[in-house]
Every structure is written in C-alpha cells, then in structure tokens.
Amino acid sequence: MPKTVSIKEICGNKITTRDDGLIINEILKNYWNHHDEIVIDFNNIPIASVSFLDQAIGVLALERELAEVRAKLHYKNISSFDLRLLEDILTSRAMQRCNKTQGGKRVSGAKSARKVFNKKQISRRPKKKISEIRLQLGRATRKKKTSSR
Amino acid sequence: MNRMKEFVFPKLMTVGWSRRIIRECTAAIRSRDKEILFDLSRVEWIAPFGLTVLSAAIYTCLDNGQTCKGRLPAHGKCREYLRRIGFDKLFLKGGKQALNKPTSVELKNIDGLDLSYIQDLLQLAEYNFKLDDDDLHQLRMQLIELMTNAQDHANSKMGCFVCAQYYPTVRTLRLSFVDVGRGIPTVLRTLPKYRRTRLDSTLLFEATQPGVTTRKKRAGGMGLTFIRNYLRRYDGTLSIISENGKVSIQPKKTRIYDEGVRFPGTAIDIVMKTGRVNGNA
C-alpha cells in the first residue's frame, strides 16, 4: 500500500529553505525501504523553491538510481511549474551522480553530460599520439596545397 | 574644516555602466569625509541595478556615520520616479530609518528571507504587469533563491536591496539584488578546489555551474544554475557582479570579464522577458 506524505501537514508554511526540505527528505528516507510506493501530496501549494525541492527530493537522485526514484515517488496535487522544476532538479542531480560515478571525472559542458546521462556510459576516446596528429596535419596541409594549385 | 566630497554619476544608471557606477560607489564608501554628496543631476535613466547599488552604498555610508546628501536628477521623469519609490528619503535626516518604512515594493531593503515582500511583489506583478502563471512562478522562484543566497552565504549586515521595474512596451521585467556581504569569490575560495583560482570572474562563472556549493556535508549548488537555465529558456539575461569579476549570461553567449574595480559584495541583475516562451522551452 502506498504511503502518503503530506507537505502541508509536515511543513505547514515553511516550504522555502533547505532546512525545511531536509525534514521531508528524512521522512522519505525512513519510508524508502519499507514501502514500494510513496505519494507526496503537495496540497496544491505553489512551492517554486529550488532549495526546498532539491533538499527534499532532488538529493535522493544523487544517492540512488533515477529510475528507482521515479518508480517509487508519486506526486499528488502538484502545480505544473513545480512538477517541471522537480523533473529538472532530478535530471540535474542524476547527471551529477552519473559524472561522479565515472571515476570522479568531470564531464564539461551540458551537452556532453546529457549524452553520458542518456547512454549511461562514457566512451573514452584513446588519446592520439603526437606523431599521429602530425601525420594528419601534414596530410591536411598537403591536400590544401594541391587544391590551391 | 570638513569639505563635502562629491561623487558624480553617469547619465545611464544601468548594468552596462556598472564599472563607472561601482567605481563612484566604492569611492564613496571608502572616503573618510564626513559629508558626502551623491550627484545624480546628470542621470536620465535609472535601472534597478543602479538603484540598488546606489542604495547599498548610501546605506553603508550612513552606517559608517557619514552624512549623505543628494542632488536629484534634473530630468523630470527620473526625479519624479525616485520620489515616488521613496528613494529621496535616503537623503533626509535619518535616511536609513526612513527607507525601512514601507514606501514602495519597487525598492526595498530586506533582511533575510522575506516572504511577505515576495507576495507583495508578485501581487504587483499580477495586477499591474498582467504576468501569466508561468512568469509568476518563475519570478517567485528567482526571488526565493536570491534571498536565500543573500541570507545563507553573503552574511550581509544590512541584508539586501531589491528593486524591480517593468517595461510594458517591450514586456520586460528587470530585477536587481545587491548585498554588501562576503562576495561570491571570497566564499568560493574557502573551498580547497578554488583556493588557487586567481580570477574572480572565473569563480563567478563556476558559481553558476550545477553542484558548486560551499555547504559542508550537504548538497546544494542548484539555485543560480536554475535561474540561469530558466532565464536562458525565456530569452532573459543574468548578470552577476561580485568583487572584481563580472559575468553576463545571455541566451546565446556568456561574457566573463574582470571589472577592474572591486565591488564589496554581490550585485545580481536579471532581465526577464514576460509572456513569451522560447521554442526551446
């Protein structure tokens, strides 16, 4: 049976800071292993706070697989903006986790990070030797020269 | 004999003129003269960035026990606007206290996270600017994040100054946040990873990257990243000025440069296009 966590009952009006989000996060962590589904009821309260949503839910995607988080958590009475914001937060955290797990190497640029996140693996290009690069450069310059003639 | 020192401000008080404005403001803060004159007579256009930086400078001078006087703009509309939002009260006797009284939501000094101010500003935006729900949510998100940042990281004694302006013809909302606490580069240099980074502008850019935070043993570093991403999506611009660095993140390009003058704190300027969603959204 799914367990329901009501934001209004637990936090009341305190739904903005990271400290407020930490309360929800701890509750979710307690329920995590005991329930297959957890329903978070936002009670139609507009949250719009990255800090709160990240600390309450986003951090979970940093510690666990995104698929697991998505399968377990369900949202009720949430505004469309908050849902979009939450999805963005979860994706960012999952990308961060993915980068961390790849030997702590930072993947620069959002595009490449997204690629890694989608493929779930890094295809590392073997480093080219200097002699190879020189050879290639030589070929390129030769081609240019021939084309100019 | 105490001589009154004059600080002359340019015609345009916008983020584009940040270097000149900050130079004058920091000189005023550093000066040891008992009386300071802020000469705004040439000013014709004053954007939220100029207003907040100037207010923070006057506030700091008043806090240092200096007397601040002002020469209001000769330009009629500009002078009228400053009077309407209660800016001229800074120059009255006990200016600091005068500004704390409720004058207008357009320029306010707030201490920490002020949800009532956010609500006031959102109401003003909803009724006067006719913003849609998405814009209102976005505005709320940005206000919350920036206020939390000023409270958590800046450690600013005076809190922060917030100013908002709306330009209906171009459907643009300008929002500016200024505090005179610890700047972003100083805070980031407390981390071992950035201890040796020399350029302030590099650190400012790093601060907008996901996961970069100074919170110990806790996750963070999402606020500025999300503001940046959402602004990009809505064709907006985010400018951050802190200490010697300046970063301007526009939809298609990012400009990073060192200002040459040191601003003792952080100024954040946001330009948000309202009621229009980009194709990427």
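Within every chain, numbering begins at 1; the chains are lettered A, B, ... in the order of the sequence lines, protein sequences first and strands thereafter. Side-chain atoms are counted along with the backbone in the values below, which use heavy atoms only and exclude waters and symmetry mates.
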| remark: Within residues 43-55 of chain A, the residues sitting under 4.5 Å from chain B by heavy atom, in sequence order, are A:P46, A:I47, A:A48, A:S49, A:V50, A:S51, A:D54, A:Q55
| query | Can you check whether A:Q96 reaches B:M222 side chain to side chain, under 4.5 Å on heavy atoms? | reply | yes
| query | Tell me, do A:L85 and B:Y230 make a side-chain contact under 4.5 Å, heavy atoms counted? | reply | yes
| field | B:R198 atom CZ, neighbour heavy-atom count above 12 within 6.0 Å | value | no
| field | Closest-packed option against chain A by number of heavy-atom pairs under 4.5 Å, given B:Q142, B:M141, B:Q138 | value | B:M141
| message | Are the side chains of B:D133 and A:F81 in contact, using a 4.5 Å heavy-atom criterion? | response | no
| field | Heavy-atom contact with chain A under 4.5 Å, split by part of B:L115 | value | side chain
| Given that the side chain runs from C-beta out, which part of A:D19 has a heavy atom under 4.5 Å from chain B: side chain, backbone, both or neither? | both
Between side-chain atoms of residues 72-80 of chain A and protein atoms elsewhere (two or more places apart, or another chain), which donor-acceptor pairs fall under 3.5 Å?
unit_1 : atom_1 : unit_2 : atom_2 : d
A:K72  : NZ     : A:W32  : O      : 2.5
A:K72  : NZ     : A:H35  : O      : 3.1
A:H74  : NE2    : A:A71  : O      : 3.2
A:N77  : ND2    : A:D41  : OD1    : 3.0
A:S79  : OG     : A:D82  : N      : 3.3
A:S79  : OG     : A:D82  : OD2    : 3.2

| task | Would you mind reporting whether A:T16 and B:L113 have side-chain heavy atoms less than 4.5 Å apart? | result | yes
